[in-house]
Amino acid sequence: MARISVEGLSKSFGAYRVFEDLDLAIPKGSYVCLLGPSGCGKSTLMRMIAGLDTEHGGHIRFDGKPVEHLTAAQRDVGMAFQNYALYPHLTVEGNLRFPMKAPLQKGRWSAAQMTERVGEVADLLQIRPLLGRAINQLSGGQQQRVSLGRALVRHPKVLLLDEPVTHLDARLRYAMRSELKRIHKVMGTTTVHVTHDQGEALAMADLLVIMRGGRIEQAAPAMEVYSDPATAFVAGFLGAVPRTVLTLPLSERDGTAGLRLGGQHVPLPPALVAAARQAGGGTVTIALPASAFAVDPDGPVEGTVAAHEMIEGAQRLVLQADGQRVNIQRSETAPVANGDRLRFRVDASEGLLFDAATGDRLRPPLRRAA
Amino acid sequence: MTRRTSAAPRGALTGILLAGSILAGSAASAEGPLEGRSIRILGIGDPVFQVMQKIHGQMEEMGGGSIQLDVRPFDVLHQQVLLNAQNDVSNYDIIAVDLPQFGEYMPYLTDFGPMIEASGYDGSDFHEVAWTGAQFGGRQLGIPLQPHPEILAYRKDVFEEYGLEPPTTHEALLHAAQVISEKSDDMSGVCWNAARGTALGQTFITVMGDFGAAPIDMEKQGDDFEMGDIKPENMHPTIDTEAGKATADYLLAMEEVSPPGILNMAWDERVRVYANGGCAMTYIWAGRSAIFEQDDQSPAKGNTAYLPHPSGPGAPPRSTLGGWYLAIPANIDPERKELAWEAIQWLSSPEMIELYTQHGNCVSPRRSVSQLENVQAACPVIPAVDRMAEAGELAGWQRPPVPEIQKIVDVLGAEMHQMLSGDKSAEDALESSQRLLDREMRKAGYY
Amino acid sequence: MAHVQIRNVSKIYADGTPAVTGLDLDIAAGEFLCVLGPSGCGKSSTLRMLAGLEEVSTGQILVDGDDVVGRPARERDIAMVFENYALYPHLDVFANIAMPLVARRRPKAEIRDRVGRIAGTMGITEHLAKRPGKLSGGQRQRVSLARAMIRRPKMFLMDEPLGHLEEYMRIELRREIRALHEAAGGTTFYITHDQEEAAAVSDRIAVMSSGELQQLGTMKELIERPANRFVAEFVGEPPISIFEELRATGTEVSIGDWRLPLPPGSRKARPASAGVRPAHFRIAGSDMPGLSAEARLVQPMGESAAVLCDTPAGDATVIVPMAAVPREGDRFRLVAAPEHVHFFAASGRAIRSGED
Amino acid sequence: MSRNREAKRAAIVLVSPAMLLLFALNIFPVLYAVYISLHHWSLASPNPPRFAGLFNYQELWYDGRFSNSLGVSATFIALAVLIELALGFGLAFLFNRKLRGLETLRKLSLLPVMAMPLVVGLVWFYMLNQNFGVTNWVLSLFGIGAQPFLTDGTLAMLSVVLADVWQWTPFVMLVIFAALQSLPEYVFEAARMDGLTEREIFRRITLPLLRPAILVVLVIRAIDAFRMIELVFMMTKGGPGGSTEVLPWYIYTTGFLSLDLGYAAAMAVVMIVLVTLGAQVFVRKIADPGAA
C-alpha cells in the first residue's frame, strides 16, 4: 500500500509531447481509474508509475520517496497486462510462483511460504483447481485471473491493471469487476486501473482520472466527475447517453439571457445566466443531458436525423441541428429514417456551462467571496 | 565405362587435399633421434608427407619424440613459408621446399654446409642431380627427400599388342597415341595436365624443355642452362619463340589423342585415368606411380614401362626434376637448429626413405635404397629413374628458380587453356603470354 | 438484396470438432441480422460458410432460392468486412477500395468516380493516397467498409467489424453501418459479441452457443422472453441474477426466503433455477415480503447504479436510481413482479405460462 | 535528468567494445586492402613493397582477364540467382500446401545448404567428370553420348551454375516459404471476397507482399554468388579458357598463387565497391517499398 504522487511529469517521444507538467495525487489504498480515448497518455502514465518507462521529467514518489532511480522490479509494483503476458511454458502455479523467485525477492520466501501464498492467491481468485494446468488450457477469463494473481502474489505496494477486463464478454466482465473490487477491499492495495470503458471506470473508481491529449481533465470521485464535470470534454464523455455538448452564441430576448440554436432562442435558467456572463466572445459551450431534449412536432428547433438506434426499449436519436449534433432519447418507438426532419424542444435548466475557448467549467461567481 | 566410374570414390578421397591437417602426438619413448623433444614440420600434401601422416604414430615411436606435421596445399604452403620468413623467430623447425622454389626462398634458408662439415654427414649416397639441385651460390640449402622427375609412363602390353615402339620422341608419342585412340574402344592415347592454371602452365614449361628451351632467357651451358646465377637481363620471357610455338602445336596435337575431359585433367586424375586403363600413356611425376603399381586392381600394375620426357626434334630427352627437399628456415631459434638438423638426417635416412616407398611414395633419392629388392618390387619406377639420372636425363632448368616462376606458370596456364579451348589461336596465346609476362617483369623492375 | 436461407447446415472440422450443428436460419431480403454469441459459438464459421471461405459439411445455403454451396467466394456476389480490416497493406486506400471493381474489370473512369463517391460518404477522401498502415483503426475500418460498399452485392457479411475499436468510435461507426445498410438496402449478416451493438444495428438477433441457434428475435424479445437459461444469462447488462437453489412446495416456490407462486408452465417441467434481471428488482423495506439482501458493492452507472447484494440464495444485482442508492452494508429486501421472474428447467429451457 | 546522462554514458561504454570489434574485424581489413592496393607488393618478389599510386587500378583497366572475369561473374550471378529464385519460389509454393509428407520433404530439401561448398564442388566435379562421372554414365543408359560438362565453355558455366543452384535453391525456398507463412491469411480471404481469381491474387497480392523477402533473398544470394569461389576451384579452375573464371578466382590466383598482393588487393577493392553499390540499390528498394 502506498500513496503515489506525480509531480510535474513531462514526457516526449521525439518531437511528440505526451505530457507536460502533469500532477496527480493518488491516496493510499484507493482504487484509481485512468480513463480517456486512445492516445490520451493513460497507458504511458501507468508505465511510468510501473517503472517500465523511466525517461521523463518531473517526479514520481511512492509515500513521498522519489522512485525515478528505481527499476520496475525495485518499486515493488504488481502489474497485470492487457494481453495477460503469462509465461506459456509454465503452469498456472509456475506463473504464480514466478514473481517470488525473482532475484530481488531472493531469500524473502521459503519454499513453504511460496506454496502457502500461491494457495492464498488461488483461493482469493478461485483458481485453485487450475493450478496444475498449462496456460493454453485456460479460457480468457481464467487467464485474466492468473494474470491478476501473478500481479498480487507478492503483496505489492501498488497494483497496476492495464485494461484488465477488456477481452471478456459482458457476463464475465461484470463478474470480474465485482471480483476486482472485492479483492481490493480485502487487500487494500493502492490500485491503478487503466481503461477506455467509461461504464467500467464509473462503476469501479474511487478516484476517477479523465485524461485527454496528455492532460488530466478531471480527477475526482467517480460520481462527482459524472455529475459535476470540470470541462466540456468530461461532460460529453461519460454516461450511457452522453450529454449533448453545444457551442452556441449568447442571445437576449425579452430581457432574458439565452442561447441561439437553429435560429431559436433557448432561455437560460437564472443560475446559469451569471455564469454565462463570464464568458468572453459572445459564445458559450453548454452540456445538456438527454432529458433536456424532447421530440415535439410543435418544438421550436428543427433537426435532421443523422442516426438512430434502439437500445433497451428506448430510441436514441442523433439529430443534426444548426451544424451540431444533438443526442435525444425517447421511449416511444415511432419509426424514423436517417434524413427525416424532426422538431424538438430544449430545456436548458439542467445545463452546465463551459468556456467555449478553453472548455473549462463556468460556475456562477460566489458572491460572498467576491 | 562402368569400370571407370568405380574409381570415383577413391578419387574423391584423395581429392580433399585442400584442408590442411595438423598431426601432433606425444612421444612413446625418449629413445631415438628426437630424444623426447618435439619437432615442427611444415609439409605439403604430396605423397611423401601423406605417407608421414599415414604412419605418424609409428614414426613418433621410431623418432622417440613428437612430430608436429603441418600439411598444407601447395599455394597455402607457399604463402605460409613466405609469411613465416617475416617472423623474428620461425614457427617451424623444418620446411618443405619444392625444387624450383629455392631461387625464391634463398634469402630465408639456412646453409647446411657448416652442419654437414661439423657432423661429417655424407651426401654422396644421394643422386648427384638431386643433391646439387639444392646448391645455390655455393650453399647447400636443402636435403633431398622426394626429388623426382616428371617422366612418361606407358603400357608395355598395349604397345606390344599394337606393335608400337617405346615413345621416345614427340612424333613417336603422337603416332602411338593416334593408333591406340583409333584402334581401342575405351582407351585413349595419352593423359596429361591440361587443366587450367598451374597444371597446364607447368606442362607448357616442361614440354618447352623437350625442345631444349626455357621460359626465360637464361644462359646456355651445353645442352642445359645455368641456374645458379640468374641475372636481371636473363628475366626476359621467351614464350613467343619458335620453341614456344612448337610447344603450343605439340599441346594442340596431344589434345586430339587425349581422353575426354582432358581440358579439366590434372595431376592425380591423369594417373588415375591411366591406372584405370583410360589411356595408354601418361605424363607422371615418378613418385605417383605408386597409385597403380601398388594397386592390385589396376591393369597398369606391372605392365608399365618408364621413359624420360619424349623429346622434340633436335633436342635430347630431358625430364624435369622437381619434388621436395627439407630445409631449415634462416630465422630458426638457434637453440633448435641442432635438433632440426638431426631430425632431417633421420627423416632422409636410408631406413626412412625405404619406409616411405613401402607406403605409396615411389621416390628414392638414395642409391643405396634404390637397389633394395623390396623397394624395386614396390616401385618399379625407382630403378628406371635411377637409370635416367645416370644417363643425365634429368634437369631442373625448365622451371627456373626465380621468384616470378609461379606468375609465369599462371599466365601460361590461363592463356594456353584458351588456346586448347579454341578461344584463341596459338599465335595469339603465345603473343599475349609474352606480352603479359614482359609487363610483369618490367613491373618487378628487372629491366 | 437477397433472401438467404440456411437449411440444416453443419460444419465439422477435419479434426472432428463440430463448429455448427443443424443450423436453420432465414434472413429476409434487406434484413439486418446480428449473430450474438460467445467465442467458439459457431457464429464465425456460419459467416465464413456464407462467404464461401469455408466448406459446408452438410446442409444447404440458398440465396434467392439457389444453392450456393460449393461455389467459390468470388461467384457469390458477397462483400465482407473483417474484424481486423483485412486491408491490402501494400496498396493505398484508393486501390484498396477499388479492388472489387478492378476484379470485375470496370473501366478506369468509373472506378475513379465510384471510389471518389464512396470515400466521400465514408469521410476518408483525404486519406485516399495513404497506405493502411498510416491510418487509425477507425479510419481503416471505414476503408474496409467503403471497399465492401463500393458495389451492390447481394449480401454484406460483417465479422465483428468494430471489435478492435474504442467505444466512442464503435458507437459512431455502428450508426454509420446502420445508415449505410438502410441506404444500400442490402441484406446484412453481422457478427458481434457486444449486445448493445447488436441491439443498436440489427433488425433481429440470433443468439448462438455451442454451434446451435439458441433464439432468434428482437433484443426486446431476448430480454423479456429468453428461450433458455443461456440466452437469459448471455443477454442483458448487468447480467441477470440467477438463483440455483429453488424449493418448490405445492403451488409455491422459494428463492431463499422469498416465496413465489409456481409458474403455470411448471406442470410439465419442474423449475431448477430462476433468474431476475437487475432492472426488474426493486428495493423494499426489510419488513416486506421478498428476498432479504445486504448491499455489498455499489457500482455507479451514471443516473443509476448497479448494487451487488448478498442474499440467502446467492448474489443478486439490482439497479437503483442514483438518488436512492443504498450504502454498502445496508439490509433490505428485493422484490420483483412474478412475470419478471424467469424459471428454467434442469435442461435450461425456459418455463412459461401458456406452454402447458 | 541525470539518469538520462548516465544512461547515455552507460550506452557508450557498452557499445564501444562492439564498435572496436566492428572496426577491427570489418573496417580495418578493408582500409588495409585499400592500402595494399596502392603498392607494388608482391610476396614473391625480393623487393620490399613500394608505393604505386593508382598503378594497379590503371592496370585493371587494360587487363582483359579482369574484364572477362567481371563478365563471367555477372553471368554467373544472373543465371544462378534467377534460376534459384524461380525454383525456390516454385518449391516454396509447393511446400506451402498443407499436404501430408511435404513437411518431411521440406526438411530434407534443406540438406544441400548445410554441405560445405568445397565438398559440393568436389561431388559435382566427380559427378560431371567425363572419365569417372556418373552423369555421363546415366546419360549413356538413355543412349545419349558423353557430354563435356566441364570442358565446354557454355556447359562448364552451366555446370557450375547447376551446382550452385543445387546448393542454394533450398535456402531461397526457405526464405520465401517463411515469408509466405507469415503472410496474413485474412488478406487473401478479403481478396477472394473482392472477387479476384487465384491468378490475380498471386499477381496483385501475394507477389507484392513477398517483395521484401524476394529483395532480401536477392541481395543475399547475389552477394554470395559474387563471392563464390569453391565451385570453380573444385570443378573447372576457371576453364575452359577463361569461361568460368569468376572474379574471386582471378583474385585468388593472383593473390595466392602469383602472390601479387597489390594487384589482387586492387581487384578486391573494386569488388567491395561493386558489392556495396549493388547492395545499396537493393537496400534502398527494401527500405522504400513505394518504389515499385
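To find a chain, count down the sequence lines: A is the first, B the second, and so on, and within it residues start at 1.
B/Phe292 is linked by a ring-ring contact (aromatic ring centres under 6.0 Å, His included) to B/Tyr274, counting only residues two or more places apart in sequence or in another chain.
Under 4.0 Å is where a charged nitrogen must lie from a carboxylate oxygen, and between D/Asp224 and D/Arg221 at least one such pair does. With respect to the salt-bridge test (charged N to carboxylate O, under 4.0 angstrom), the residues D/Asp260 and B/Lys443 qualify.
To the nearest 0.5 Å, the span separating CZ on D/Phe171 from CG on D/Leu110 amounts to 10.5 Å. Between B/Phe102 atom CZ and B/Tyr108 atom OH the span is 15.0 Å, to the nearest 0.5 Å.
With chain D as the partner, the residue from B/Arg439, B/His417, B/Gln79 showing the most heavy-atom pairs under 4.5 Å is B/His417. The candidate from B/Gln406, B/Gln86, B/Met265 with the greatest count of non-hydrogen atom pairs under 4.5 Å with chain D is B/Gln406.
Of the possible donor and acceptor atoms, none in the side chain of B/Gln101 sits under 3.5 Å from a partner among the backbone N and O of B/Pro401.
Neither the backbone nor the side chain of D/Phe149 has a heavy atom closer than 4.5 Å to any heavy atom of chain B. Neither the backbone nor the side chain of D/Met127 comes within less than 4.5 Å of any heavy atom in chain B. Residue contact with chain D, scored on non-hydrogen atoms closer than 4.5 Å, involves the side chain of B/Glu440 exclusively. Of the two parts of B/Lys424, neither the backbone nor the side chain holds a non-hydrogen atom closer than 4.5 Å to a non-hydrogen atom of chain D. Both the backbone and the side chain of B/Asn264 come within contact range of chain D, each with at least one heavy atom under 4.5 Å from a heavy atom of that chain. Proximity to chain D is absent for every atom of B/Ser432, based on heavy atoms less than 4.5 angstrom apart. Proximity to chain B (any heavy atom under 4.5 Å) is shown, for D/Asp63, by neither the backbone nor the side chain. In this structure, chain D has no heavy atom under 4.5 Å from any part of B/Met106.
By the 30° and 60° cut-offs, the orientation of the rings of D/Phe66 relative to D/Tyr250 is tilted.
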